[in-house]
Colleague: 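I'd like to ask you about the structure that follows.
We're numbering straight along the sequence, starting at 1. Because only heavy atoms are used, hydrogens play no part in the values below, and waters and symmetry mates are left out as well, while side chains stay in. All figures in this text were calculated on a predicted structure; none of them were measured in a lab. In listed order, ligands and their atoms are each counted from 1.
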Amino acid sequence: MKTTSITMKRQYNPMKGKTYIENCGNDEAEEEPPGKTVISDLEEEPPGKTATNRHRFFRDIPDSTWSDWKWQFWNRITTIDELTKFIPLSPEERDQIRLVTKKYPLSITPYYLSLINLDDPDDPLRKQAIPSILEITIGMMGQEDPLAEKRDSVVPGLVHRYPDRILMLLTNICPMLCRHCTRKREWRNGGWVHTSGEVEAMLDYIRQHKAIRDVIISGGDPLTLSTQRLENIVSKIRRIQHVEIIRIGTRFPVVLPQRIDNELCTMLSRYGPIWLNTQFNHYREITPEAAAACDRLLRSGVPVSNQSVLLRGVNDTMETQMKLCHGLLRIKVRPYYLFQCDEVQGTEHLRTPVEVGVKIIEGMRGYTSGLAVPTFVIDLPQGAGKVPLQPNYLVAQTEEELVLKNYQGRIFYYRNPEAQAYPELTSDAGLLDETELQFEVEGAQDADRVILRS
Ligand code: SF4
């Protein structure tokens, strides 16, 4: 495959008013920082570890430029013509993608593109980044706003659904447009960032509602904003007495980890407790760059959790999820949620039957540590909240006894302590039914020694 030098372009400026001088990729080889090795042969790359396409397509880009998040951001691949420089597409595929991008645009960072196996049409990373005709051919299934965020919007950009938590959307811009995104509806009409006046209105609302103890800043991706702008907002939130924690939802550690630089981490460390939720969906996304980004956050006192989305052909097997979750633990990121893909228009081809998620959890629970097993949840339509789904381990129960199935499918009796001190458990609306237990099962004699796993 021939080497392609990428061309630079100007797009929406996330740095708000700052001029960024783009590196045009013409740097000479001697600009490589001394001591660094240029890997020119694909074979030399450790499989699954480093970005294989970086030296295939971006060999003229020195490390210092490649590591510059602003360079990565400015040089996103956003048109079909750019995409065809990197990926073999038939004329028919090109026409299809052109059609899809009229409704659902395209944006991929050079970094994320470099992780994709571009010769494999079924590559799990490709499915997350490159448009599919299925987004519009079965696009009428699902809803534009399945979580009813517009309905629950109290001022522009603020979604207030639970008394103690609030969702703050600062922008609709993301470095990569994930094909499964719940907020695909926001991709229309170009990029926007809420103005200072709009952000002040959001802050006023939070100031006036004293029950709010948890502010979730999400997206679009909030880390698209400059660190300075972000600090301006985060510092004002931190000054609100009743706000206890700030959470940031971002996919930057996965799609553009270079953004998690020292400047950002130092700033975040000043306004803790700040928690960060990201979205690794496949173990190949856990690269040295991503690991270093998470490490920088952790060292700055920002705990990092993962909320992956269950996607057809991407991570819908137990083996893939196990590798993903083990990889996350190795970089000290907690596998927190595994989301059933929301019922969003344009994502039906990536959705899996709910049973797939339950089976995956069943296959993990007991076979790896509980820390590695995320909670599988459905985010209910109409903003009705998250429902965790588990394999059913409870076979039957009375007030005195439970019959439980362990992770190997073996059945055990478990003696239930007295419920008298808990009247709510024995009322009509209580949790216990009066079913007679009549089980003659193997392993029942071990009931007293069963350890319930959590
Ligand atoms: S980063 Fe999140 S909000 Fe942005 S496109 Fe991806 S899934 Fe959607």
Colleague: Sort by chain and number the protein N/O/S atoms found under 2.8 Å from atom 6 (Fe) of ligand 1.
Modeller: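 Correct list: Cys178 SG.
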Colleague: Counting only heavy atoms on the protein side, is anything nearer than 4.0 Å to atom 2 (Fe) of ligand 1?
Modeller: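 Given the 4.0 Å cut-off, atom 2 (Fe) of ligand 1 does not count as touching protein heavy atoms.
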Colleague: Kindly write out the residues that satisfy side-chain contact (heavy atoms from CB on, under 4.5 Å) with Glu348, not counting sequence neighbours, or none if the list is empty.
Modeller: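 Listed in chain order: Ile138, Met141, Arg351.
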Colleague: Is NZ or CZ of Arg247 both nearer than 6.0 Å to the six-membered ring centre of Trp275 and within 45° of the ring axis?
Modeller: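 Cation-pi check for Arg247 and Trp275: fails.
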Colleague: Among Lys102, Lys127, Lys184, exactly one meets salt bridge (Lys or Arg N to Asp or Glu O under 4.0 Å) together with Glu135. Which residue is that?
Modeller: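 The residue from Lys102, Lys127, Lys184 that satisfies salt bridge (Lys or Arg N to Asp or Glu O under 4.0 Å) with Glu135 turns out to be Lys184.
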Colleague: Find the distance between OG (Ser308) and CZ (Phe339) and round it off to the nearest 0.5 Å.
Modeller: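 Going from OG on Ser308 over to CZ on Phe339, the span is 9.0 Å.
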Colleague: Tell me whether Arg165 forms a cation-pi arrangement with Tyr162, defined as NZ or CZ under 6.0 Å from the six-membered ring centre and within 45 degrees of its axis.
Modeller: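 Geometry flag: set, cation within 6.0 Å and 45°.
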Colleague: Between Glu231 (side chain only) and Thr227 (backbone N and O only), is there a donor and an acceptor less than 3.5 Å apart?
Modeller: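 No, the answer is negative, given that no donor and acceptor are paired below the 3.5 Å cut-off.
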